[in-house]
There are 2 protein chains.
Amino acid sequence: MARKPAEQSVNRLDILLAAANVFRRQGYHGAKMSDIAAEVDLTAGSLYHHFPEGKQQILIEVLNEGLDQITAEVQAVVDDNTLMPDEKLRKVIYTNILGLTQNTSVAAALVFETRTILENPEARKTYLKRRDAFEQLYNHVIQEGIDARLFRQVDVPIFTKTVLGAHNWVGVWYREGGRLAGEQIAEEMSNTFLAALSPVSVPTAKN
Amino acid sequence: MARKPAEQSVNRLDILLAAANVFRRQGYHGAKMSDIAAEVDLTAGSLYHHFPEGKQQILIEVLNEGLDQITAEVQAVVDDNTLMPDEKLRKVIYTNILGLTQNTSVAAALVFETRTILENPEARKTYLKRRDAFEQLYNHVIQEGIDARLFRQVDVPIFTKTVLGAHNWVGVWYREGGRLAGEQIAEEMSNTFLAALSPVSVPTAKN
DNA sequence: TGTATAATTAAATCACGATTTGATTATTTT
DNA sequence: AAAATAATCAAATCGTGATTTAATTATACA
């Protein structure tokens, strides 16, 4: 029979996960070190054994981990050369959203706590570069679809921000066990943005 | 010649505007009372003359003011009975986004600082009710369009959240003087979501 | 087994920032 | 121009919460 989870000492990753949860509930500033510590059955002081760099470093690593993971998921789809631009974008969006619903704590942190990290000049530079790179993934796929006449001509940067804004918000309102599963939401939203790019109907204000 | 701007005493509204700016730059928790005060050439203590209820009340009123204003703008469009559902939605989105670009500080506060206010039970209840009401405006217009066969059948709550997520994000990335003016962004984004609802092309995963 | 190292804790620090207080200065009102 | 009221300020409070410190306990290792 499975042995009792052997209450071994926690590691950095445990703490990052715990911190992400507390950040989601209370925000970075509202999260006391003791709150994070409690989440892993430790004392505030003990956290400094694992993170001598302190609270902000915890946030930095939460965000980096999160962005890494999401980027990796999306990048994998982008690298799939068997997909046409339209199906690629659909899959990118689907994958991205599904990922967010599966990791809402990190998703929320990426939305709400990024500003905090940006106050730190070094972290800022690194982080923004990676976030831009992520945004470029979307820009490229969309541009490809336009070039292939599969999408109507949209302003690519704006469209990307539109998509990513909608994505981000998922991490805020999505609740596990809600009316729809993550897969359904991902399906619905990817349909929405693919339809938005459909070249056939180009509705304009006039007429 | 124009008289020196008569350094009259500031009023509550001045302070709310100033606070919104500081909140945008530094976030609620990062905003010191002295920062807000400096923005209107006052001392931290002086703020308490205008807001004896303190810092949180300032935030509450910033958010309420902001939500009020945006709701009013959108409601006016919704009440225009001369518009068909599709053109009504287009105008709703356009108006909403344009409003956000014209008041980015408040827009950002509505996104980032809402959680803070929610910790306060009374404010929470009031605020959430109004935010839901706002969301309902969108739900209704969209449902009308579906009923009139002007829109394809989407999951209305999800679509609304998709739209609002994209909206919210505008307040984060939009910068005055950027490549596109608020009007152009509003135009582009309203096109996007109207296209997304177009009943003709119903792209699905199975081509 | 005994010694070094890792984890953890409880109990200080220590700084910062919201709020309060007690004047002081402007502006109205009569 | 008094008298009352409004605005403002500089200088205390005062609590909170991150970080530090000095042990204590557990684990690895030789």
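Below, chains carry the letters A, B, ... as their sequence lines are ordered, and counting in each starts from 1.
A straight line from CD of B/E53 to C1' of C/dA18 spans 15 Å, rounded to a whole angstrom. Separating the NE2 atom of B/H49 from the P atom of C/dA26 is a distance of 15 Å, rounded to the nearest angstrom. Across the protein-nucleic acid pair, B/N11 atom CG and C/dT27 atom C1' stand 16 Å apart, rounded to whole Å. Atom CG in A/L47 sits about 15 Å away from atom P in D/dG17, given to the nearest Å. Atom OH of B/Y48 is separated from atom P of D/dT8 by 16 Å (rounded to the nearest Å).
Contacts between residues 27-43 of chain B and DNA chain C, defined by a heavy-atom separation below 4.0 Å, involve B/A31, B/K32, B/M33, listed by number. Non-hydrogen atoms lying under 4.0 Å from DNA chain D are contributed by nothing in residues 108-120 of chain B.
Rounding to the nearest 0.5 angstrom, the gap separating the NZ atom in A/K55 from the CD1 atom in A/I36 is 6.0 Å. To the nearest 0.5 Å, the span separating CD1 on B/I97 from OG1 on A/T162 amounts to 7.0 Å.
For A/T104, the side-chain hydrogen bond (donor to acceptor under 3.5 Å, both in side chains) partners two or more places apart in sequence, or in a different chain, are A/R24. Shown here are the salt bridge (charged side-chain N to carboxylate O under 4.0 Å, His left out) partners of A/R25, two or more places apart in sequence or in another chain: A/E39. B/E188 meets the salt bridge (charged side-chain N to carboxylate O under 4.0 Å, His left out) test with no other residue; sequence neighbours excluded.
For A/H50 and C/dA6, the shortest distance from a side-chain N or O to OP1 or OP2 is not below 4.0 Å. Regarding contacts with the backbone of C/dA7, every side-chain N or O of A/S46 stays at 4.0 angstrom or more from both OP1 and OP2.
Nucleic acid contact for B/G45: base, since at least one base atom lies under 4.0 Å from a heavy atom of the residue.
With A/Y28 contributing its side chain and A/Q56 its backbone, the two residues share a donor-acceptor pair below 3.5 Å. Distance alone, capped at 3.5 Å, is enough to place a donor-acceptor pair between the A/D14 side chain and the A/N11 backbone. Checked by atom type and distance alone, the side chain of A/T126 pairs as donor or acceptor with a backbone atom of A/E122 at under 3.5 Å.
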Anything under 3.5 Å between a donor and an acceptor, one on a side chain of residues 57-64 of chain A, the other on a protein residue two or more places apart or in another chain? List them.
unit_1 : atom_1 : unit_2 : atom_2 : d
A/Q57  : NE2    : A/E61  : OE2    : 2.8
A/E61  : OE1    : A/R12  : NH2    : 3.1
A/E61  : OE2    : A/R12  : NH2    : 2.5
A/N64  : ND2    : A/I60  : O      : 3.4

